[in-house]
Amino acid sequence: MPIPRKVLNLLEDLIGSENVYTDEAILYAYSWDSGSLPLFSLLSDKFRFMPDVVVKAKCIEDVVNTLKIANQEKIPVTPRGAGTSLSGNCIPVKGGILLDLTSMNKIKEVNSDDRIAIVEPGVVHRNLEEELHEHGMFFPPEPGSADMCTIGGMIANNASGVRACKYGTTRDWVLSLKVALPNGEIIDTGTRALKDASGYNLTQLFIGSEGTLGVIVEATLKLFPLPEHKALIIAGYSSLDEAIKAAQLILRKLTPSSLELVTEKYVETMNKVLKRLKYPQCKAVIMIEVDGSKHEVEGQVDIVTRECKAVNPEALEVYWDEKDREELWHARHYAGFIILRMFDKAEIKIKAVHIHDVGLPLSKILDYLKFAEEEASKLGISVLPFGHLGDGNLHVNWYVDPQKEIDIQAAIKLTKKLAQKAVELGGTVSAEHGVGALRAPYMKLQHAPLIDYMRKIKAIFDPNNIMNPGKLWPEGDEKDFLEKLLEAYHQNV
Ligand SMILES: Cc1cc2nc3c(=O)[nH]c(=O)nc-3n(C[C@H](O)[C@H](O)[C@H](O)COP(=O)(O)OP(=O)(O)OC[C@H]3O[C@@H](n4cnc5c(N)ncnc54)[C@H](O)[C@@H]3O)c2cc1C
């Protein structure tokens, strides 16, 4: 239902007309995240999720005013950081108000004595990182999107990335949140103290809630001293089995800061963008980064290279130089998208990467990868596995033509099978990208008995269900988003 003019006028009066947008082109831009869901909308015009209005909040008061109006009028509100989500998390599937938080981007305090930073939600990870380095500190969770993503988006998605192996996820690095609730109330969920044994932990409840409970307007983050030294070891193997075996041997001896897996197609395409250095062109490559004092790093490099050699690598290289490591990591961070370089220029225009994300017990990774390859080949799909091997977080992506019904049908089948298998093996339907709209139908596979409790918790904070509705679990029917897309497509043709 369109937002009445009188409500838009009220928003303009309170937030400033220069911060309230209803222009069609702007609304369209905000109907995208960075995953494949918006691309599928190319199949059917009816499958596009535009907000009715975009509000750019400049301060807490703007957030509170927007929420109060939305709550009174029962208008959906979708908070948004940089829009780098990959599961439709920040796409306004029920329309309404899109609340852009990127202008609330001040780093309010960095305190090396307390090892904390206090930031507004729109601070970009890279900007925070640069500031923290000046203080000899860092904020360990680092998604591949660190150049763009906001701290608010990271907290709401419980994002992680390549350093989770040793340092955990965003969840492990947030001490307290200031949250604006749908009724306009502001709550502080924690303190500046590193330890707290007093009652329910609401900070943790809001982390990973994907904007469904309230709007994070400030965060107190835990920091860690910058490691003095790092080294990156890259080992190439002739099979996935060998690469995983080597990873298992390493993990029995130590916890590296990163332990990543990339498979041959990624290696090929990453090498296309790398100028100076190259990854070894092997079937499976593992990247192991270790950090600490010089002495610690040297000791860890010895152990890692010894364990890698025990499985007869085709290639083994240690990178000590910071510039070398940065170049190699940069290609890895964007590997999921660089993969499209496997197509020629004309073909790229009609290809999208369908992004997958599960968490598994380490002992089940090989079983899962074999299952994925078998099931995919039955559907005529070649999967492209990679991921954060050290913490069991796999991305078994594949590419699709988002304008082909047959590709969407295959995507629906394979996505379901892969989610089911992950849960069957003791894993999760998402490890780091979050549930969003795309994975909402699979939540019940992992959480069936708990979804009712989750709904009740949401109703306490958000009784009118205005906060990012349609995420985490399906609203109304249980249909997959892509199934709904096909329905919309058939109504069109
Ligand atoms: C190239 C690339 C690489 C990536 N690599 C990784 C990776 O390695 N690991 C990983 O975990 N993810 C990764 N991602 C996914 C994504 O970047 C992260 O989840 C990121 O943290 C999202 O931040 P954002 O600012 O873009 O949030 P958005 O996408 O704008 O929003 C994310 C969610 O948070 C909610 N939200 C945003 N701000 C607030 C707020 N202030 N209060 C309440 N809710 C809010 C939104 O409603 C939405 O549900 C990658 C994405 C890309 C494009």
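Both ligands and their constituent atoms are indexed starting at 1 by order of listing. Index from 1, following the sequence. Worth knowing before you read on, the calculation uses all heavy atoms, side chains too, and leaves out hydrogens, waters and symmetry mates.
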Is there side-chain contact between Met154 and Pro141, with at least one heavy-atom pair below 4.5 Å? yes
Atoms in ligand 1 with a heavy atom of [X] nearer than 4.0 Å:
X      : result
Met154 : 21 (O), 23 (O)
Gly81  : 25 (O), 28 (P), 30 (O), 37 (C), 38 (N)
Gly214 : 43 (C)
Gly211 : 43 (C), 44 (N)
Gly161 : 8 (O), 9 (N)
Glu210 : 47 (O), 49 (O)
Asn468 : 47 (O), 49 (O)
Pro121 : 41 (N)

Main-chain N/O of Gly359 paired to Thr428 side chain as donor or acceptor, under 3.5 Å: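 Yes, the answer is positive, given that a donor and an acceptor are paired below the 3.5 Å cut-off.
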Are the side chain of Arg171 and the backbone N or O of Gly208 linked by a donor-acceptor pair below 3.5 Å? no
Between the side chains of [X] and [Y], does any donor sit under 3.5 Å from an acceptor?
X      : Y      : value
Arg439 : Ser87  : yes
Asn468 : Thr212 : no
Asn464 : Asn71  : yes
Asn393 : Ser160 : no
Asn158 : Thr169 : yes

Whether [Y] and [X] form a salt bridge (side-chain N of Lys/Arg under 4.0 Å from carboxylate O of Asp/Glu) is what I want to check.
X      : Y      : result
Lys58  : Asp62  : no
Glu142 : Arg163 : yes
Asp100 : Arg80  : no
Asp172 : Lys222 : no
Glu326 : Lys230 : no

Looking at ligand 1, does any of its N/O atoms fall within less than 3.5 Å of an N/O of [X]?
X      : result
Glu432 : yes
Ser145 : yes
Gly83  : yes
Met148 : no
Thr84  : yes
Ile216 : yes
Asn157 : yes
Ala156 : no

Distance to 0.1 Å, residue and atom name: give those for the protein heavy atom nearest to [atom].
atom                    : value
atom 1 (C) of ligand 1  : Phe337 CE1, 3.4 Å
atom 27 (O) of ligand 1 : Gly153 CA, 3.3 Å
atom 29 (O) of ligand 1 : Ser85 OG, 2.6 Å
atom 40 (C) of ligand 1 : Leu101 CD1, 3.6 Å
atom 11 (O) of ligand 1 : Ser160 N, 2.9 Å
atom 7 (C) of ligand 1  : Gly144 N, 3.3 Å
atom 47 (O) of ligand 1 : Pro79 O, 2.6 Å
atom 12 (N) of ligand 1 : His433 CD2, 3.6 Å

In terms of the angle between their ring planes, are Trp329 and His333 parallel, tilted or perpendicular, with boundaries placed at 30° and 60°?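 Aromatic pair Trp329/His333 classed parallel.
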Evaluate the ring planes of Phe386 and Tyr266, with Trp represented by its six-membered ring, and classify them as parallel (under 30°), tilted (30 to 60°) or perpendicular (over 60°).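 Judged by the thresholds at 30° and 60°, the geometry between Phe386 and Tyr266 is tilted.
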Does ligand 1 have an atom that lies less than 4.0 angstrom from a heavy atom of Gly122? no
May I ask whether Leu86 has any heavy atom positioned less than 4.0 angstrom from an atom of ligand 1? yes
In terms of its nearest heavy atom to atom 48 (C) of ligand 1, the top option of Asn89, Thr78, Thr170 is Asn89
Hey, which of His354, His356, His433 is the one that makes ring-ring contact (aromatic ring centres under 6.0 Å, His included) with His395? His433
Using a 4.0 Å heavy-atom cut-off, which part of Thr150 comes near ligand 1: side chain, backbone, both, or neither? both
Residue-level breakdown please: for Ser34 versus ligand 1, do any non-hydrogen atoms fall below 4.0 Å on the side chain, on the backbone, on both, or on neither?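 The side chain, only.
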Given ring pair (Phe, Tyr, Trp, His ring centres under 6.0 Å), test Phe139 with Tyr167 step by step and report yes or no. CA-CA 10 Å; Phe139 174 61; Tyr167 294 104; over 10 Å; no
